[in-house]
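Notes follow once the structure below has been shown.
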Amino acid sequence: MTTPPTPEPGDSSEPTAPSEPSEPSAEDKAEELRRFNTREQDSAWRAVAYMLTGPLIYGGLGALADHWLGTTWLVGVGIVGGMALSLYLIWFRYGTH
């Protein structure tokens with residue numbers, strides 16, 4: 001049975017301890033801030049889109065149902081219901097963080 005050779009003191013094959021993490025540079029901080037601002041801006045525009053599309057879609061469905069059934073009140077119900085659903089969706093997605 002043979003023993004493995006012992007490494008010399010100057011041998012670079014020895015594992016080195018991981019270096020301590022350095023402080024992020026100003027460029028890294030600026031990039032992280034830019035990404036954060038982009039995410040927040042995307043969330044804001046998405047909320048605006050929900051506020052617009054909910055009443056438009058459900059109001060449109062109410063208008064189609066009014067035309068088909070010969071009534072006049074389903075458009076209002078669709079618009080109010082679409083707004084309520086939009087507000088609930090925004091609260092559920094963004095208000096629970």
Distance col, row Leu33:CG vs Asp28:CG, nearest 0.5 angstrom, shows 12.5 Å
Quick one: closest heavy-atom pair of Leu52 and Leu56, and the distance?
-> O-CG, 3.2 Å
Calculate, to the nearest 0.5 Å, the distance between atoms OG1 and NE2 belonging to Thr72 and His67 respectively.
-> 14.0 Å
Roughly how far, to the nearest 0.5 Å, is the CG atom of Leu64 from the CG atom of Leu69?
-> 10.5 Å
Give a yes or no on this: more than 12 heavy atoms of other residues, nucleotides or ligands lie within 6.0 Å of atom OH of Tyr50.
-> yes
Quick one: pull up CZ in Arg46 and CD1 in Ile90 and give me the separation to the nearest 0.5 Å.
-> 11.5 Å
If you take all heavy atoms of Met83 and Pro55, which pair is closest and at what distance?
-> CE-CG, 3.5 Å
Interatomic distance, CD1@Ile57 vs CD1@Ile79, rounded to 0.5 Å, equals 13.0 Å
In this structure, OH of Tyr94 is separated from CD of Glu40 (nearest 0.5 Å) by 10.0 Å
Pairing of Glu31 and Arg34 as salt bridge, 4.0 angstrom limit | yes
Taking the side chain as C-beta and beyond, is there a heavy-atom pair between Trp91 and Leu87 under 4.5 Å?
-> no
So Phe92 and Tyr88, would you call those rings parallel, tilted or perpendicular, with 30° and 60° as cut-offs?
-> parallel
